[in-house]
Amino acid sequence: MKTKLLRLVSPFLLLLFCFNSYAQLDYGYAVNNLDSTSDLMAMADQTTSSNYGLGEIPEALDPFNFIEAQNPQTIEEMGSELETHDPASTFAFARAMLALGAGFGFDDNQTLWCLNAAYFMQLAVFTKAALYASLGLVYSGISTDYYTASFIDFQLRLLMFNPLFQNHLVHFMWGAMIAYGIGADKFKSGGGTTDLTRLTAALVLGLNIYLTARLALMIQTNVFAYQSQTTKPDTGGEFKDNYTWGAFNKGNVMLITLILLLGGS
């Protein structure tokens, strides 16, 4: 009888020993992975002294509470990181852009037009803005009742892009432009051509509107400009004229450009 009882009890004792060993190992693993033994004691006290409903997680065992207790900024950082990687803003500030466009403008007795190509490169990204530099080549012309003129300008622009809405699909652009141009004009009544060179500095405003993840439409114009122009007639000599003007699409070309985005933010 004693032998049978011993045979029956032995497996249970063995199982009990195994469960106890596993519990001890698991307990040791938990202790080693906590920052201090005080955290474990606090968890034990709270779980033994409180009765929790079905499906309720004890506060001490809640992983988010534990993370926040160790580092209160962690939850905030996780939230801000998710916000930063919002799908709507993944292409908000492209690393580089190619631009092809055309523009038009008017003055008292002049019609202005241009064809433009430019490369935009991202220089810096801020919390809610990005700074770009662009190198551009512009072929432009002026037509009046008396003469026509054409120029090739090399442009450098520094532009800040600021999202206007939360979805980052429309950017307000502002910045500065400097350009050096060479060209010639000719009177319609006949005669020779006159060589021209000009240096232009301007303040630029515009909008950049995303059409797709790879295409955008950029609208920009100079709102205030200063220009120094040198004229060299065929008859000899050299004349310099300085101009300053500020008007919306009057003496300033309204440039409409198709943008190809070359990289994510």
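Everything numeric here is computed off the predicted structure, so don't read it as measured data.
- Both Val204 and Met218 are assigned to one and the same hydrophobic cluster, defined by single-linkage of ILVMFWY side chains at heavy-atom distances under 4.5 Å.
- Looking only at side-chain heavy atoms (C-beta outward), Gln122 and Phe93 come within less than 4.5 Å of each other.
- Atom CG of Leu169 sits about 10.5 Å away from atom CD1 of Ile209, to the nearest 0.5 Å.
- Tested against Asp153 for a side chain to side chain contact (heavy atoms under 4.5 Å, CB included), the candidates Asn116, Val138, Leu137 yield a single pass: Val138.
- One finds the OH atom of Tyr243 at 4.0 Å from the CG atom of Asp241 (value rounded to the nearest 0.5 Å).
- When all heavy atoms are compared, the tightest approach of Leu164 to Leu207 is CD1-CD2, 3.9 Å.
- Inter-residue side-chain proximity for Leu131 and Leu159 is flagged as unmet; no heavy-atom pair is nearer than 4.5 Å.
- Between Leu203 and Trp174, the closest side-chain pair of non-hydrogen atoms is not below 4.5 Å.
- Closest of all the heavy-atom pairs between Ala216 and Asn208 is CB-OD1, 3.7 Å.
- Closest approach of Ala94 and Tyr210 over heavy atoms only: N-OH, 4.3 Å.
- Hydrophobic clustering (side-chain heavy atoms under 4.5 Å, transitive across Ile, Leu, Val, Met, Phe, Trp, Tyr) keeps Tyr226 apart from Ile178.
- Rounding to the nearest 0.5 Å gives a distance of 9.5 Å between CG of Leu215 and CD1 of Ile259.
- Contact between Ile182 and Thr197 at its shortest, heavy atoms only, is CG2-CG2, 4.1 Å.
- Between the CG atom in Leu135 and the CZ atom in Phe154 there is a gap of 11.0 Å [rounded to 0.5 Å].
- For the pair Arg198 and Phe151, the cation sits on the ring face: its NZ or CZ lies under 6.0 Å from the ring centre, inside 45° of the axis.
- Under the 4.5 Å side-chain criterion, counting only non-hydrogen atoms from C-beta, Leu205 is in contact with Phe172.
- In this model, a donor atom of one side chain and an acceptor atom of the other lie less than 3.5 Å apart for Gln227 and Thr200.
- Within the 4.5 Å cutoff, the side chain of Cys114 has no heavy atoms near those of the Phe104 side chain.
- Note on Met121: it clusters hydrophobically with Leu260, by side-chain heavy-atom contacts below 4.5 Å among ILVMFWY residues.
- At a threshold of 4.5 Å between non-hydrogen side-chain atoms, the residues Gln229 and Leu196 count as touching.
- Each of Leu115 and Met177 belongs to its own hydrophobic cluster when Ile, Leu, Val, Met, Phe, Trp and Tyr are linked at side-chain heavy-atom distances under 4.5 angstrom.
- Taking CD1 from Ile152 and OH from Tyr139, the interatomic distance works out to 7.0 Å, rounded to the nearest 0.5 Å.
- Arg157 is listed as a side-chain neighbour of Gln220, based on a closest heavy-atom distance under 4.5 Å.
- When the options Thr148, Thr194, Thr193 are evaluated for a side chain to side chain contact (heavy atoms under 4.5 Å, CB included) with Asp185, the one that passes is Thr194.
- Here the shortest heavy-atom pairing between Ala129 and Met160 reads CB-SD, 4.0 Å.
- Looking only at side-chain heavy atoms (C-beta outward), Tyr132 and Met173 stay at 4.5 Å or farther from each other.
- Listed for the His171 side chain is a donor-acceptor partner under 3.5 Å among the backbone atoms of His168.
- Residues Val223 and Leu255 fall into different hydrophobic clusters, defined by Ile, Leu, Val, Met, Phe, Trp and Tyr side chains chained together at heavy-atom separations under 4.5 Å.
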